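Below: one structure, written as structure tokens.
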2 protein chains.
Amino acid sequence: MARVNPTEFAILGLLAEEPRSGYDIKKEVEERLSHFWSESFGHIYPMLRRLRKRELVEQKVERQEGRPDRKVYSITEEGRQALEAWFAEPSPPQRPRNELLLRIFMGRFADPEHLIRDVRAQRESFDAALAQLRAVQAHLDQAEEPHPDQLYWELTLDYGLRALEALTEWGQEAESKLRQLAQDEK
Amino acid sequence: MARVNPTEFAILGLLAEEPRSGYDIKKEVEERLSHFWSESFGHIYPMLRRLRKRELVEQKVERQEGRPDRKVYSITEEGRQALEAWFAEPSPPQRPRNELLLRIFMGRFADPEHLIRDVRAQRESFDAALAQLRAVQAHLDQAEEPHPDQLYWELTLDYGLRALEALTEWGQEAESKLRQLAQDEK
DNA sequence: CGCCGCATGTAAGAGGTTACATGATTCG
DNA sequence: CGAATCATGTAACCTCTTACATGCGGCG
């Protein structure tokens, strides 16, 4: 099977849950996948059109008053097959690109204060993400009856929690080491 | 300051250490930055040309016999200023895209065996990376006289170690939970 | 003999973001 | 009154990878 566009399958996967508009898809990504995924409108809408041409999704137009028509897409049988084929293919290795680490690696050429600022900003965003994931976790835990997809959600959640816990610690240590360096330089 | 291409600064940073050819740059990225960065020839060569046009780097041709000329680039004063300006700008937030987690999140539509295969492959690559980073760490630790850039290298190393340690554990647990699920389904 | 390392580059295209355009409704 | 939400889309642009083209020298 040929190389594959992951956005295609993010969309197909969400439509396999239930029919949705492009706008809905964006919202779902933001609300439920945002700690490991992102999509923009400028990518979603053209992709839906392409998927439709390939008959992996179907469109139904819902008339609305006072606002544009809602175009609701649902996955077709062929779409489900494409989704299965995607899973059958092993997931390709990711190539890393972490700009913060690039900066730190080149740190010799920087003002240490700038590095401190960046590490700190990163740590703060880790903290915020961590708080959010913990809230989601609490929410999942207290459900009386577990959702059928619970295990899958927990696995992605757990990935995020473990990574973020480790990395906030890193952030604290990194910050204090850089502060010391900045001190020593004076 | 306008939006910025990080590849530009990866290259500029390496040339600030010492003059190098495009081929050298690729090698350095592979050998020293590969746990958080990557570049391809198809990006490096055109970028060097652009940097040269903007006079951020200079080219010197080294004649060689039996193989193509080596074009060695060095950073100019303007290049150093551009590098500084890059550091002054706060590093932009990264948008996450983790295909493995996307798959797991959509796990309902997959054969659990496929997920297990993917998680396992990921864990194995984490393990390999971890072993490599530990070797680098051992190497740094045993140096009699620390390199001036030691702190920066250690920080990026430490980031990788912490993240990978947390994530190999995740991988083990995820795999066993998915195995259980696969059992239960039979 | 074939592969690896050395060395440079181009062309095609995939993949993705940002900014723009449009406009009604609802909430504070 | 302004901002956010709902709702769809396009165009320009940037970034980056893959595949191709070329060719010598050294090693096993």
Side-chain angles (χ1 to χ4, degrees), chain A residues 1-12 19-31 33-34 37-54 57 59-73 86 92-99 102, chain B residues 1-11 19-31 33-34 37-54 57 59-73 92-99 102:
Chain A
M1 191 178 145
R3 226 164 284 62
V4 124
N5 180 340
T7 290
E8 204 175 303
F9 296 97
I11 292 176
L12 244 24
R20 293 186 157 107
S21 67
Y23 191 87
D24 291 340
I25 288 167
K26 169 77 169 157
K27 240 189 2 185
E28 292 297 319
V29 170
E30 221 96 291
E31 285 172 13
L33 319 189
S34 62
W37 203 255
S38 69
E39 293 293 349
S40 65
F41 283 128
H43 203 192
I44 291 171
Y45 286 119
M47 183 59 83
L48 281 169
R49 167 185 272 254
R50 276 172 56 193
L51 291 173
R52 197 184 169 205
K53 243 182 224 157
R54 293 164 54 202
V57 305
Q59 194 194 64
K60 223 190 274 176
V61 179
E62 282 180 16
R63 289 276 142 70
Q64 298 195 128
E65 280 170 42
R67 46 183 68 170
D69 294 347
R70 247 172 78 83
K71 302 193 178 166
V72 177
Y73 297 86
W86 179 59
Q94 326 215 4
R95 48 194 72 258
R97 265 181 158 234
N98 186 322
E99 194 173 322
L102 181 62
Chain B
M1 189 178 148
R3 225 165 283 62
V4 124
N5 180 340
T7 291
E8 207 174 299
F9 296 96
I11 292 176
R20 294 185 158 108
S21 67
Y23 192 87
D24 291 340
I25 288 168
K26 168 79 168 156
K27 242 190 359 186
E28 291 297 320
V29 171
E30 220 97 290
E31 284 172 13
L33 319 189
S34 62
W37 204 256
S38 69
E39 293 293 349
S40 66
F41 282 127
H43 203 194
I44 290 171
Y45 286 119
M47 183 59 83
L48 281 169
R49 168 185 272 253
R50 278 172 55 193
L51 290 174
R52 197 184 168 204
K53 243 181 225 157
R54 293 165 53 202
V57 305
Q59 194 194 64
K60 222 189 275 175
V61 179
E62 282 180 15
R63 289 276 142 69
Q64 297 195 125
E65 280 170 42
R67 46 183 68 172
D69 294 347
R70 247 170 79 81
K71 301 192 178 166
V72 177
Y73 297 85
Q94 326 216 3
R95 48 195 73 260
R97 261 175 164 240
N98 185 321
E99 193 172 324
L102 181 63

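This structure is a prediction, so every number in the text was calculated from the model and none was measured. Every chain is numbered from 1 and lettered A, B, ... according to where its sequence line falls, protein lines coming before strand lines.
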C:dG16 OP1/OP2 closer than 4.0 Å to side-chain N/O of B:R97: yes

For atom CE of A:M47 and atom C1' of C:dG16, their distance in whole Å: 10 Å

Gap between atoms CD1 and C1', on B:I44 and C:dT10 respectively (whole Å): 15 Å

Interatomic distance, A:R50 CZ vs C:dG13 C1' [rounded to whole Å]: 11 Å

Nearest-neighbour nucleotide for the A:H43 side chain, C:dG15, D:dC16, C:dT18 considered: C:dG15

B:R52: salt bridge (charged side-chain N to carboxylate O under 4.0 Å, His left out) partners, not counting sequence neighbours: none

Between P of C:dT8 and CD of B:E39, the distance in whole Å: 16 Å

Protein-nucleotide distance (A:F9, atom CZ; C:dG15, atom C1'), rounded to Å: 14 Å

With sequence neighbours excluded, residues passing salt bridge (charged side-chain N to carboxylate O under 4.0 Å, His left out) with B:E31: none

A:W37 CH2 to C:dG15 C1', straight-line distance once rounded to whole Å: 11 Å

Residues in salt bridge (charged side-chain N to carboxylate O under 4.0 Å, His left out) contact with B:E28, at least two apart in sequence or another chain: B:R20, B:R32

Salt bridge flag under 4.0 Å for residues B:E39 and A:R97: yes

Contacts of type side-chain contact (heavy atoms from CB on, under 4.5 Å), residue B:P96, not counting sequence neighbours: none

side-chain contact (heavy atoms from CB on, under 4.5 Å) partners for B:P93, two or more places apart: none

Non-neighbouring partners of A:E30 that pass side-chain contact (heavy atoms from CB on, under 4.5 Å), sequence neighbours left out: A:K26

Out of C:dT17, D:dT18, C:dG16, whichever nucleotide has its closest atom nearest the side chain of A:P6: C:dG16

Axis bend over the full length of the helix from C:dC1-D:dG28 to C:dG28-D:dC1, computed from five pairs that close each end, to 10 degrees: 50°

N or O in side chain of A:T7 less than 4.0 angstrom from C:dG16 OP1/OP2: yes

For atom NZ of B:K26 and atom C1' of D:dT17, their distance in whole Å: 10 Å

Spatial distance of atom CG (A:L48) from atom NZ (A:K71) [nearest 0.5 Å]: 10.0 Å

Is there any protein nitrogen or oxygen under 3.5 Å from a nitrogen or oxygen in nucleotides 5-13 of chain D, and what are the pairs?
| from | atom 1 | to | atom 2 | distance (Å) |
| --- | --- | --- | --- | --- |
| D:dC6 | OP2 | A:Y23 | OH | 3.1 |
| D:dC6 | O3' | A:R67 | NH1 | 3.2 |
| D:dA7 | OP1 | A:Q64 | OE1 | 3.0 |
| D:dA7 | OP1 | A:Q64 | NE2 | 3.2 |
| D:dT8 | OP1 | A:K71 | N | 2.9 |
| D:dT8 | OP2 | A:Y23 | N | 2.9 |
| D:dT8 | OP2 | A:Y45 | OH | 3.0 |
| D:dG9 | OP1 | A:K71 | NZ | 2.2 |

By side-chain contact (heavy atoms from CB on, under 4.5 Å) - contacts of A:R54 (at least two apart): A:E8, A:L51, A:L56

d(CG, A:N5; C1', C:dG13) in whole Å: 13 Å

